[in-house]
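What follows is a short report on a single structure.
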Protein chains: 2
Amino acid sequence: MEKMTEKGTTVDMVVSMLTERINKGDYSPGSKLPSERKLQEELGVGRLALREALSRLNALGIIETSHGKGTFVQNRLQSSTIKNILIPHFALSDSKRLQELVDARAMIESEIAGLAAQQRTKADIRRLEMILEQEVDSSTPSELVAYLDLQFHQELALIVDNHFLVLMHEALTAHIRTFLNGFVKSRNNPVEVLEAHRPILEAVKRGDAEDARSLVRLHISYSRRDYENFIEKTKE
Amino acid sequence: MEKMTEKGTTVDMVVSMLTERINKGDYSPGSKLPSERKLQEELGVGRLALREALSRLNALGIIETSHGKGTFVQNRLQSSTIKNILIPHFALSDSKRLQELVDARAMIESEIAGLAAQQRTKADIRRLEMILEQEVDSSTPSELVAYLDLQFHQELALIVDNHFLVLMHEALTAHIRTFLNGFVKSRNNPVEVLEAHRPILEAVKRGDAEDARSLVRLHISYSRRDYENFIEKTKE
DNA sequence: GGTTCTTCAATGGTATATCAATTATTTAAT
DNA sequence: ATTAAATAATTGATATACCATTGAAGAACC
C-alpha cells in the first residue's frame, strides 16, 4: 500500500488522478473513459470509491455519463454547471445576495463592451451596425426590437471571445431570470434602446473602452430597477 | 414504485431532494445531516446512490463530511470550490484562457472600487486613510508596503460586502497565482503604489464610481504585464 | 476526587457480489 | 441484403459485510 503518500481519502485520490489525466490529455475532451470495471482495476480501488469520484467530476461538469454507453469527457464548461453551484448559495429568499448577482451581471456586460472596444475588427462593427439599422427602421415590430437588444449584447460578447465572461454572464442571467420573472415585461422601451445603442456602438467603433463601459452601465440600469421593483412587490 | 414521476436517475432524485430540504431550511447551515444509514432508509434508496448524491453535493461545496463525525451543511460557499471548478477548464496550457481569467480579475477589482465609492461610510474612509498614511510614511519598510497594497484592496472589498465578487476574486487570484508564480516579485513598486492609491481614495471619498473604476483599472495594469511576461518566458 | 486509559457505540469509508436497465454489437433467420 | 433476435458491454442500483475514525461513557489507577 503506497496510498499513504497521497492525500485525503481514496475518493479524493481518484478524483485528482482522473483530473490529472484529463488535464494531461490522456483522456481528451469528447473521448470515452475506460469502463468503470477497467478503471477500478487500473486504479486499484473499489467500484464505490470510483463511482463517487465520477459523481464528483460529474457535478463539476467535467464528465458526463450515459447509461449503457459510457463516461465521456466534457469539452466545455457549461453555464448550467455554474448555475447549479450558485443556486443553493444565492437563493431567492436572500435579497441581499440576489442584488449581488444583479450587480455582478451589470459589471460583466459593461466589461464585455469595454473589451469589445479594444478588440473589434471592421467586420464586427459592420455586424453591429446592421443590427442597429434594423432597430432604427420604423417598420420593425417592437417584439423584434426587444430581440435585437439581446442580439446587440450577444454580438458584443462574440467579439470579446472571453469564454469565462460569457459563461458567467449566461449563468447569472439564467439564475436571476428565474427569480425576477414577470418583472421584465416593459423594460425594453424601444426609444430607450435606440438612444443607448448608438453611442455604445460609436464608443466601440473608435475604441474608447472607458466610454463603452460607462455607457453600457448606464444603459442597463434597468437591471437595478427591475430588482428594486421585485423587492417592493415581495414586501407587500 | 412512484419514482417514475421523478426525473432522471435515482442519484439525481436524491440530490434534488436533499438540496430542496436544505433550501427549505429543514437542514439549516452548519447543522448535521442524519446519518447515512438513516438517510438511505428514509429516502428509500441504496447506500451507494445516497453516497454518490452526497459526493455531488460535496463537490459543489454544499456539504462537508468528516469521518466519524457526520455530514454537515456548509453555510458559506468557499472560494476553493470555485477554484476547483475552474482548474480543469482554465488550465495552464491554454494561454488564451489564462488571459481571460486575468482580465476577469482586473474587472472585479475595478468594480469593487466603483461599488465602494457608492457605499462607503465615513468610518470606511478613515480606515483607508490610515493605510495610506502608513504607506506614505518613509519609515515603513518596503515589504510592508507590498502588504499594505493588498490590505488596501481588501479593505475596499470589505466595504462593498458583495459576497459573490469577493468569492470570485479570491478564486481567480488563487488560481492565477499558481501559474504566474515567480513573476510577481517586483511588481509592487512602492512609488507606483503611492501614486495610485491616493487618487483612488479621493475618488472613493467623493463617491465618484466612474473615476474609481478607471483609476483601479490603470493601477492594476501590472496584471497584464505579468501575464505577458509569463507568456514570453514560456515561449523560450 | 480527579486523571488517565480502555472500551464501545455511532458514523463515515471501503470492498465485494449480484442483479437491473440501457445501449451496442454480433449472429441468425428470412 | 434486411430485419430480428440473441449476446455482450456498460452504467445504474442494492445488499451485505467489514474497516477506520471519532467521541463519549465508563473503568482503572493514582
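Labels below follow one simple rule: chain letters A, B, ... track the order of the sequence lines, proteins then strands, and each chain is numbered from 1. Quick caveat, the model's predicted, so the values are computed rather than measured.
Rounded to an integer number of Å, the gap from CG of A:Leu48 to P of D:dT14 is 12 Å. Distance A:Arg47 CZ to D:dA13 P: 11 Å, rounded to the nearest Å. As a whole-Å value, the separation of B:Lys69 NZ from C:dG12 C1' is 12 Å. The nearest whole Å value for the distance from the CZ atom in A:Arg51 to the P atom in C:dA15 is 15 Å. Between the CD atom of B:Glu52 and the C1' atom of C:dT14 there is a distance of 14 Å, rounded to whole Å. One atom, CG of B:Leu39, and another, P of D:dT14, lie 14 Å apart when rounded to the nearest Å. Rounded to whole Å, atom P of D:dG12 lies 10 Å from atom CD of A:Glu64. Nucleotide C:dA10 holds its C1' atom 16 Å from the CG atom of B:Leu33, rounded to whole Å.
Along DNA chain D, the nucleotide closest to B:Arg37 and the one closest to B:Gly44 are compared, and the more 5′ of them pairs with B:Gly44.
Using a 4.5 Å cut-off on side-chain heavy atoms (C-beta onward), B:Glu111 and A:Arg217 make contact.
Heavy-atom minimum distance, A:His169 versus A:Ile108: CB-CG2, 3.9 Å.
From A:Phe164, atom CZ reaches atom CD1 of A:Ile82 across 6.5 Å, with rounding to the nearest 0.5 Å.
Considering only side-chain N and O atoms, A:Thr71 lies nowhere under 4.0 angstrom from the phosphate OP1 or OP2 of D:dT10. Close to C:dG13, at under 4.0 Å from its OP1 or OP2, lies a side-chain N or O of B:Thr65. Close to D:dG12, at under 4.0 Å from its OP1 or OP2, lies no side-chain N or O of B:Thr9.
Once the 5.5 Å centre distance and the 30° plane angle are applied, the aromatic ring of B:His67 is found not to be stacked with the base of C:dG13.
More than 12 heavy atoms of other shown residues, nucleotides or ligands fall within 6.0 angstrom of atom CD in A:Glu42.
In this structure, A:Gly68 reaches the bases: a heavy-atom distance under 4.0 Å links it to at least one base atom across the strands shown.
For the pair A:Glu52 and A:Arg56, the salt-bridge criterion is not met [side-chain N within less than 4.0 Å of a carboxylate O].
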